[in-house]
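As structure tokens, the structure follows; a few thoughts come after it.
Every chain is numbered from 1, with letters handed out A, B, ... down the list of sequences. Since this is a predicted model, take the numbers as computed values, not measurements.
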Protein chains: 2
Amino acid sequence: MTNKLNLKNLTKSEEDYLKALFQLLIEDDSGKVGNNQLADYLKVSPASTNNMIKKLKAKKYVVSEKYGKLELTEEGKSIAVRLIRKHRLWETFLCNYLNFSWDEVHEVAEQLEHIKSQKLVNELDRFMDFPSKDPHGEVIPNADGEYFVLPKITLSSLEEGAVCQLVSVNDASVTFLKYVSEIGLALSSEIKVLEVREFDSSIRIQFNQVEETVTRKFADNVFVKVI
Amino acid sequence: MTNKLNLKNLTKSEEDYLKALFQLLIEDDSGKVGNNQLADYLKVSPASTNNMIKKLKAKKYVVSEKYGKLELTEEGKSIAVRLIRKHRLWETFLCNYLNFSWDEVHEVAEQLEHIKSQKLVNELDRFMDFPSKDPHGEVIPNADGEYFVLPKITLSSLEEGAVCQLVSVNDASVTFLKYVSEIGLALSSEIKVLEVREFDSSIRIQFNQVEETVTRKFADNVFVKVI
DNA sequence: TTAATTTGTTAGTCATAACTAACTTTTTTA
DNA sequence: TAAAAAAGTTAGTTATGACTAACAAATTAA
Ligand SMILES: [Mn+2]
Ligand SMILES: [Mn+2]
Ligand SMILES: [Mn+2]
Ligand SMILES: [Mn+2]
């Protein structure tokens, strides 16, 4: 089955479900994703996801047994990766050429990723000279759907004294991204973990000669590389 | 009512119907557009247009009496013009930056025009340094929805001996646009009408030291300025 | 190991937007 | 001006993708 056939005839909803399932499957390293989990993630009812999963199973994009966990077929994964590629290329374009800030791009990219034109995405890629990462630090899959999945180490998982570099951030919350920028953090920032407070799991960090206290919830959304 | 409120909450279908009605109202200089005409144009059944027109009347974008002709309110026109602006800006971007040919852009722009982001369209406009015309020679409305409607004089309406300049072409047919390019015609080409044949209304024209015979149907889709 | 809780499924409803078939009104033509 | 044709409307159907409420299965806790 060719790539061209892959991206055909899917509705916006079908695409969003496949992408969501793919994201959950790589996030949850347990490798198990259930119906209600998917419903939570997409902010729809479990009945809605159950119904859509049936359609996607009939179309051979999803495999699962009744009451069992959800899996993607190779074709399902392929569609999801191409959507992620489009999403991240558009975010990059909006940031680098159209004066969007990193907190403004996700919502618009959620729409743009559903535009059906192989040529559009590949030409956009070429126009930007094949960028490797999006504005949030995420790797952009290439035209063949190949890409490195960076191991996601959260800032919150580090011990006191650890020194790391900011690799990527969760892109879905506008307020979180604005907050990151405001305190002066950016991709590649070098961060030292000064103290992890037992009482509320808040973390005292240092970066660019600045000290800040951030919550556990904040640190959960910051991904780092230990150095 | 502000512009921001204007573009909100409309479905892709509602937008397409408003744009189609607007286009028909300026094309048909009689100023009268009926339900079946709209259905023809959108390639849906008269029942479908009738149903949608009811919704658009309820939302105050369309005005008409039962069995009467269709009209747009100021708000309806405003939405249509903004869609046309987006459509033409995207076509221009695809042609000038992403290596699309003028016969490839319309279909993709039909999708892109429905992306909801005021900032996106205005930044795209700025990025291209506020282009005034799209790849087919059509005027692009500015951010306030202002633009000149060029009088549409078809090549087919000219008399023998007339000399004119190609101003714009109908953008909806891929095969037509390819044909125009192939014979060597382009925007601004100077065309002389050598002969109008009574038998089948075919026209012998001259441009760039070339002579060609074109059909009435061809000449109906070529818009010119007499010089 | 039984009971409670969580997870997943089914049935039935609603909104959107398409369709066909049948009907009504308006316009045209004979 | 009466009949025919065209234009417009209505009713009823289908598909998609949401929802709630009720129910069943699987998991967890007592
Ligand atoms: Mn994103
Ligand atoms: Mn999306
Ligand atoms: Mn166009
Ligand atoms: Mn469109």
For nucleotides 10-14 of chain C, print each protein N/O atom paired with a nucleotide N/O atom at under 3.5 Å, atom names and distance only.
from: C/dT10; atom 1: OP1; to: A/Lys66; atom 2: NZ; distance (Å): 3.0
from: C/dT10; atom 1: OP2; to: A/Lys54; atom 2: NZ; distance (Å): 2.8

Just the atom pairs and distances: protein N or O near nucleotides 2-7 of chain C's N or O, under 3.5 Å.
none

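In this structure, the CG atom of A/Leu70 is 10 Å from the C1' atom of C/dG8, given to the nearest Å. One interatomic measurement links the two molecules: NZ of B/Lys12 to C1' of C/dT16, which rounds to 13 Å at whole-angstrom precision.
Partners of B/Lys152 under the salt bridge (charged side-chain N to carboxylate O under 4.0 Å, His left out) rule, at least two apart in sequence or in another chain, are B/Glu138. Residues satisfying the side chain to side chain donor-acceptor pair (under 3.5 Å) test with B/Thr215, not counting sequence neighbours, are none. With sequence neighbours left out, the side-chain contact (heavy atoms from CB on, under 4.5 Å) criterion links A/Lys119 to A/Ser117, A/Glu123, B/Phe100, B/Glu104. Considering only residues two or more places apart in sequence or on other chains, A/Lys59 meets the side chain to side chain donor-acceptor pair (under 3.5 Å) condition with A/Glu14. With sequence neighbours excluded, no residue satisfies ring-ring contact (aromatic ring centres under 6.0 Å, His included) with A/Tyr67. Residues forming a side-chain contact (heavy atoms from CB on, under 4.5 Å) with B/Lys69 (at least two apart in sequence, or on another chain): B/Lys32. For A/Asn50, the side-chain contact (heavy atoms from CB on, under 4.5 Å) partners two or more places apart in sequence, or in a different chain, are A/Asn35, A/Lys54. Residues forming a side-chain contact (heavy atoms from CB on, under 4.5 Å) with B/Cys95 (at least two apart in sequence, or on another chain): B/Trp102, B/Val105, B/Pro135.
A side-chain donor-acceptor contact under 3.5 Å links B/Asp16 and B/His114.
Along DNA chain D, the stretch of nucleotides lying under 4.0 Å from any heavy atom of chain A spans, 5' to 3', D/dT16 to D/dA26.
Among the atoms of the strands shown, none is found under 4.0 Å from any heavy atom of B/Thr49. Using a 4.0 Å heavy-atom criterion, one finds that B/Ser13 contacts the sugar-phosphate atoms exclusively.
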Would you list the atom pairs, donor with acceptor, under 3.5 Å between side chains in residues 37-44 of chain A and any protein atom, with sequence neighbours excluded?
from: A/Gln37; atom 1: OE1; to: A/Gly34; atom 2: N; distance (Å): 3.2
from: A/Gln37; atom 1: NE2; to: A/Asp28; atom 2: OD1; distance (Å): 3.4
from: A/Gln37; atom 1: NE2; to: A/Asp28; atom 2: OD2; distance (Å): 2.9

